[in-house]
2 protein chains.
Amino acid sequence: MAAHAKLKPQVNNRRDLVLEIAAGFFVRKGFNGTSIRDIATAAGMLPGSLYYHFPSKEALLVAVFEEGVARISAAVDAALAGCPGGAWDRLQAACEAHLAALLEGSDFAHVIVRVIPQDAPGAAEELVKLRNAYETKFAALVAALPMPTDANPSLLRLMLIGALNHVPLWYREGGETPSSLARRFIANLRFAQDCSATRKEETWP
Amino acid sequence: MAAHAKLKPQVNNRRDLVLEIAAGFFVRKGFNGTSIRDIATAAGMLPGSLYYHFPSKEALLVAVFEEGVARISAAVDAALAGCPGGAWDRLQAACEAHLAALLEGSDFAHVIVRVIPQDAPGAAEELVKLRNAYETKFAALVAALPMPTDANPSLLRLMLIGALNHVPLWYREGGETPSSLARRFIANLRFAQDCSATRKEETWP
DNA sequence: CAAAAAAACAAACGATTGTTTGTCTATGTG
DNA sequence: CACATAGACAAACAATCGTTTGTTTTTTTG
């Protein structure tokens, strides 16, 4: 690293603090239930000061979304890196990381599930793009599964993601861990595909 | 019925129109993304006039929720009435009715999935109560399933409801019908439980 | 240390929010 | 007809919204 390589790293700006606080509010009160003043006050600054860091409230949401997608993507990638197993094992590892990020990670990942594009029409297009970029990972993982020929891979993916993203609405700490929940979800689907494949092709080992 | 039995029936008030328009806005813009003026204008009246029918915006949401729960409950009950089949068949029929109500029915049923209690703190308790009253039906249907002893019925229910309620976020008309989707969802879970039970108890017929 | 850039303050802008109040007009009843 | 009630209008209320502007403070840099 050159001597003048301090292009961006620097010590943390207040910008990062604002992002984190905004994520918390967006998760707990929703995008339209959160005001610029809520965020500014919690960050110990005045409403107008936020506009030095972000040109608009929707741009702030996009920035939070980007960070959320980056974090949950990194968590899933890390889990997959140490998982040389079969296709089902890899999908399970991804689901465990996904759920852990949603329930135990920072609020960033949670935002991309709590806030939907319709909540911020001006940013909707970009939010969808970010979300899709992440979910592509799951499409690849599902595509690698051995499945009966009449099954619909993308439907299995949507079903799984729906079940996973619904968890934050009922999850209570102290019960089953996120990983345990993810494993159960996969188990509920895995045997189904195996059995179905068997019935179709009559090749049970 | 006595001669003066006109306690409530009457011809439809404008109240019903307001409820329907509110449901539409709540579904498309969210609760906090919808203003009293949005609803009033669409109903052809002035903002203040809504307060003759409903004491507050949150009370209006509760009324919409009640109608939504009533309608989707009726749809599921009707489907179950003509379904004397096994436990899995009955659960499938309920899911078909649930999904059809969400995707093809009025906006009322959709609201109870789109708006979450956190969006209206003052009404949260009541919204949760209404939602739970409905989901109890599914708990009963799942409890009737033949499942391996180590399986978690309520987890299966939550997984299924999560998958179903996620559909409105990606559903596009012209593809598979709501009923078809529900059947596929159930198929994905059904064989899983069957196979798992078999492995556990070694009693495959 | 001096100049420049970054970051926050202070104060307000117009617009919109949910809601209230008082008045008016239908409609049906005795 | 007289009258009561239902239902909507008209107008405003204080509060809060996202945002802008000009200035001041803090930090970095040459």
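Keep in mind that this is a model prediction, so the values were computed, not measured. Any value given below was found using the heavy atoms of this structure, including those in side chains, with hydrogens, waters and symmetry copies removed. Below, read A as the first sequence line, B as the second, and so on, with proteins coming before strands; counting in each chain starts at 1.
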Quiz item: If you measure from CG on B:L61 to CG on B:D119, what distance do you get to the nearest 0.5 Å?
Solution: 8.5 Å

Quiz item: Does a side-chain N-to-carboxylate-O contact under 4.0 Å join A:R184 and B:D150?
Solution: no

Just the table, please: protein N/O against nucleotides 20-27 of chain D N/O, every pair under 3.5 Å.
none

Exercise. Name all residues meeting the salt bridge (Lys or Arg N to Asp or Glu O under 4.0 Å) criterion together with A:E126; count only those two or more places apart in sequence or in a different chain, and write none if there are none.
Key: none

Quiz item: For A:F54 and D:dT19, what is the distance between atoms CZ and P respectively, to the nearest whole Å?
Solution: 13 Å

Quiz item: Applying salt bridge (Lys or Arg N to Asp or Glu O under 4.0 Å), which residue pairs with at least one partner in residues 131-149 of chain B are found, sequence neighbours left out?
Solution: B:D77-B:K137, B:R131-B:E135

Exercise. Measure the distance from NZ on B:K57 to C1' on C:dG18 and round it to the nearest whole Å.
Key: 8 Å

Self-check item: Atom pair CD (B:E67) and OG (B:S106), whose distance is rounded to the nearest 0.5 Å
Solution: 7.0 Å

Quiz item: Quick one: is B:Y52 getting a side-chain N or O under 4.0 Å of the D:dA8 phosphate, OP1 or OP2?
Solution: no

Quiz item: How long is the line joining CG of B:L61 and P of C:dG18, in whole Å?
Solution: 12 Å

Exercise. Could I get the full list of side chain to side chain donor-acceptor pair (under 3.5 Å) partners for B:S180, not counting sequence neighbours?
Key: B:E176

Quiz item: Do any side-chain nitrogens or oxygens of B:H53 fall under 4.0 Å of OP1 or OP2 in D:dA8?
Solution: yes

Quiz item: When you measure from the centre of the six-membered ring of A:F65, is the NZ or CZ of A:K129 under 6.0 Å away and within 45° of the axis?
Solution: no

Quiz item: Side-chain N or O of A:N13 less than 4.0 angstrom from OP1 or OP2 on C:dA6?
Solution: no

Quiz item: Taking DNA chain C as the partner, which of residues 17-42 of chain A come within under 4.0 angstrom of it by heavy atom?
Solution: A:R37

Exercise. Could you tell me the separation between the CZ atom of A:F108 and the CD1 atom of A:I72, rounded to the nearest 0.5 Å?
Key: 13.0 Å

Quiz item: Salt bridge between A:R114 and A:D107, side-chain N to carboxylate O under 4.0 Å?
Solution: no

Quiz item: Rounded to the nearest 0.5 Å, how far does CG of B:L60 lie from CG of B:L50?
Solution: 7.0 Å

Quiz item: Between atom CE in B:M45 and atom P in D:dG7, what is the gap in whole Å?
Solution: 10 Å

Self-check item: Axial bend angle, the helix from C:dG14-D:dC17 to C:dG30-D:dC1: five-pair end segments, nearest 10°
Solution: 20°

Exercise. Check the surroundings of atom CD in B:E20: do more than 12 heavy atoms from other residues, nucleotides or ligands lie under 6.0 Å from it?
Key: no

